[in-house]
Engineer: 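Below are the structure tokens for one structure; questions will follow.
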Amino acid sequence: MKEQLKAALESISRGDMTLVVSIAEQVKQLPRDGDGLFFADVVDGDFYEAARWVYPVYAAYETECNKKEGYPDLLNQMRVIDKRYGQEAADMRKTARFLDLFIHTVDNVSPQLYEYYRELADIFKTRLVEAIKTYYREGRFTDKKCEEPEEAERMIREAIRRACENYVLLGEKYQEY
């Protein structure tokens, strides 16, 4: 399913929602945990890795195909993800995946429904500021406990770049990172 989700995200960038509809229907059929989060084990055993593919596709579907009817569910799930992330001992890899998940989800939520968009953007910004304080040293994002620190750093920098391009962050303020 992960490859299908990747293909769906690529099709979103081309403006083709055909694949998104079929994949989103599969996503909506995933079982949920007690807090309402999708069980995404079929995508990846690492929750944040799976979520970074599932939720942007779900958001795109709700925005473009479902008249934003599922936004309350999406926002509730994103709040739960943020709460769980805040309660866990995160390393830089998990943080990178979390930031990637949120910025790609924000990208697929309509700013016309400002309250939803703004809350997701604010969660992203808050967690990014924490990541900068925790991992940014001497011009790099680093964490000795992190597996694949170069990949995690690349993902964090890419999330920042994307957030600046889409005006979630002010480019002048974050260009250093």
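Residue numbers run from 1 in the order of the sequence given.
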Engineer: Is any side-chain heavy atom of Ser11 closer than 4.5 Å to a side-chain heavy atom of Val20?
Structural biologist: yes

Engineer: For a quick test of reading the model, state the closest non-hydrogen atom pair linking Gly171 to Cys164 and the distance between them.
Structural biologist: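 Between these two residues, the closest heavy atoms are CA-SG, 3.6 Å.
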
Engineer: Treating Asp91 as the side-chain partner and Lys94 as the backbone partner, does any N or O pair qualify as donor plus acceptor under 3.5 Å?
Structural biologist: yes

Engineer: With side chains defined as the heavy atoms from C-beta onward, is the minimum distance between Pro56 and Leu9 less than 4.5 Å?
Structural biologist: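 Counting from C-beta outward, Pro56 and Leu9 do come under 4.5 Å.
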
Engineer: Would you check if Val80 and Asn76 make a side-chain contact, meaning some heavy-atom pair closer than 4.5 Å?
Structural biologist: no

Engineer: Could you walk me through whether Asp100 and Ile156 pass the side-chain contact (heavy atoms from CB on, under 4.5 Å) test, one step at a time?
Structural biologist: CA-CA 7 Å; Asp100 185 75; Ile156 293 171; over 6 Å; no

Engineer: If you look at every heavy atom in Tyr135 and Ala90, which pair is closest and at what distance?
Structural biologist: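 Looking at all heavy atoms of both residues, the shortest contact is OH-O, 3.2 Å.
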
Engineer: With a 6.0 Å cut-off on the ring centroids, do Phe141 and Tyr136 count as close?
Structural biologist: yes

Engineer: Return the CG to CD distance between Leu120 and Glu115, rounded to the nearest 0.5 Å.
Structural biologist: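 It comes to 12.0 Å.
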
Engineer: Without swapping roles, check the side chain of Thr134 against the backbone of Ala131 for a donor-acceptor pair under 3.5 Å.
Structural biologist: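 No, Thr134 side chain to Ala131 backbone: no donor-acceptor pair under 3.5 Å.
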
Engineer: Side chains of Tyr117 and Gln112: do they bring a donor and an acceptor to under 3.5 Å?
Structural biologist: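 No pair is found: no donor N or O on one side chain lies under 3.5 Å from an acceptor on the other.
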
Engineer: Taking the side chain as C-beta and beyond, is there a heavy-atom pair between Met92 and Lys145 under 4.5 Å?
Structural biologist: no

Engineer: Can you find a heavy atom in the side chain of Ile12 that is under 4.5 Å from one in the side chain of Leu19?
Structural biologist: no

Engineer: Can you run down the salt bridge (charged side-chain N to carboxylate O under 4.0 Å, His left out) pairs that involve residues 56-68, sequence neighbours left out, and say none if there aren't any?
Structural biologist: none

Engineer: Atom CD of Gln4 and atom CD1 of Ile23: how far apart are they, to the nearest 0.5 Å?
Structural biologist: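 Answer for the CD-CD1 pair, Gln4 versus Ile23, is 4.0 Å.
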
Engineer: Show me the donor-acceptor pairs within less than 3.5 Å that the side chains of residues 26-42 make with the rest of the protein, sequence neighbours left out.
Structural biologist:
{"residue": "Arg32", "atom": "NH1", "partner": "Gly36", "partner atom": "O", "Å": "3.0"}
{"residue": "Arg32", "atom": "NH1", "partner": "Asp73", "partner atom": "OD1", "Å": "2.8"}
{"residue": "Arg32", "atom": "NH1", "partner": "Asp73", "partner atom": "OD2", "Å": "3.3"}
{"residue": "Arg32", "atom": "NH2", "partner": "Asp73", "partner atom": "OD2", "Å": "3.0"}
{"residue": "Asp33", "atom": "OD1", "partner": "Asp35", "partner atom": "N", "Å": "2.9"}
{"residue": "Asp33", "atom": "OD1", "partner": "Gly36", "partner atom": "N", "Å": "3.0"}
{"residue": "Asp33", "atom": "OD1", "partner": "Leu37", "partner atom": "N", "Å": "2.9"}
{"residue": "Asp33", "atom": "OD2", "partner": "Arg84", "partner atom": "NH1", "Å": "3.0"}
{"residue": "Asp33", "atom": "OD2", "partner": "Arg84", "partner atom": "NH2", "Å": "2.6"}
{"residue": "Asp35", "atom": "OD2", "partner": "Arg84", "partner atom": "NH2", "Å": "2.8"}

Engineer: Output every pair passing salt bridge (charged side-chain N to carboxylate O under 4.0 Å, His left out) with a member in residues 1-17, not counting sequence neighbours, ordered by first then second residue.
Structural biologist: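 Qualifying pairs: Lys2-Asp44, Lys2-Glu49, Glu3-Lys6.
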
Engineer: side-chain contact (heavy atoms from CB on, under 4.5 Å) between Met155 and Glu151: does it pass, once the steps are laid out?
Structural biologist: CA-CA 6 Å; Met155 286 177 71; Glu151 175 67 12; 3.9 Å; yes

Engineer: Using a strict cut-off of less than 4.0 Å between a Lys/Arg side-chain nitrogen and an Asp/Glu carboxylate oxygen, indicate whether Arg127 and Glu130 qualify as a salt bridge.
Structural biologist: yes

Engineer: For residues 70-112, which residue pairs pass the ring-ring contact (aromatic ring centres under 6.0 Å, His included) check, not counting sequence neighbours?
Structural biologist: Tyr71-Tyr116, Tyr85-Phe98, Phe98-Phe102

Engineer: Please report the interatomic distance CG(Asp107) to OG(Ser13), rounded to the nearest 0.5 Å.
Structural biologist: 11.0 Å

Engineer: How many angstroms lie between SG in Cys146 and CZ in Arg93, if you round to the nearest 0.5 Å?
Structural biologist: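 Answer for the SG-CZ pair, Cys146 versus Arg93, is 7.0 Å.
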
Engineer: Taking a hydrophobic cluster as the set of Ile, Leu, Val, Met, Phe, Trp and Tyr residues connected by side-chain heavy atoms closer than 4.5 Å, whether directly or through intermediates, do Leu101 and Leu169 fall within one such cluster?
Structural biologist: yes

Engineer: Would you say that Ile81 contacts Tyr48 through its side chain, given a criterion of any heavy-atom pair below 4.5 Å between the two side chains?
Structural biologist: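 In contact.
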
Engineer: Report the residues that fulfil side chain to side chain contact (heavy atoms under 4.5 Å, CB included) with Ala159, sequence neighbours left out, ordered by chain and then residue number.
Structural biologist: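 Checked Ala159 against side chain to side chain contact (heavy atoms under 4.5 Å, CB included); matches are Leu99, Ile103, Phe124.
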
Engineer: Measure the CD-OG1 distance between Glu150 and Thr142 for me, rounded to the nearest 0.5 Å.
Structural biologist: 10.5 Å

Engineer: Can Leu75 be reached from Val106 by stepping across I, L, V, M, F, W or Y side chains whose heavy atoms are under 4.5 Å apart?
Structural biologist: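 Yes; Leu75 is reachable from Val106 via cluster members.
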
Engineer: Would you call Arg79-Glu119 a salt bridge at under 4.0 Å N-O?
Structural biologist: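 Here Arg79 pairs with Glu119 in a salt bridge, since their nearest N and O are under 4.0 Å apart.
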
Engineer: Tell me which pairs pass side-chain hydrogen bond (donor to acceptor under 3.5 Å, both in side chains) where either residue lies in residues 167-177, with sequence neighbours left out.
Structural biologist: none

Engineer: Just wondering, are more than 12 heavy atoms of other shown residues or ligands nearer than 6.0 Å to CD in Glu147?
Structural biologist: no

Engineer: Mind listing the closest non-hydrogen atom pair of Leu74 and Val109 along with its distance?
Structural biologist: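 The answer is CD2-CG2, 3.9 Å.
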
Engineer: Evaluate side-chain contact (heavy atoms from CB on, under 4.5 Å) for Phe47 paired with Arg97, printing each intermediate quantity in order.
Structural biologist: CA-CA 9 Å; Phe47 173 78; Arg97 289 175 174 177; over 6 Å; no

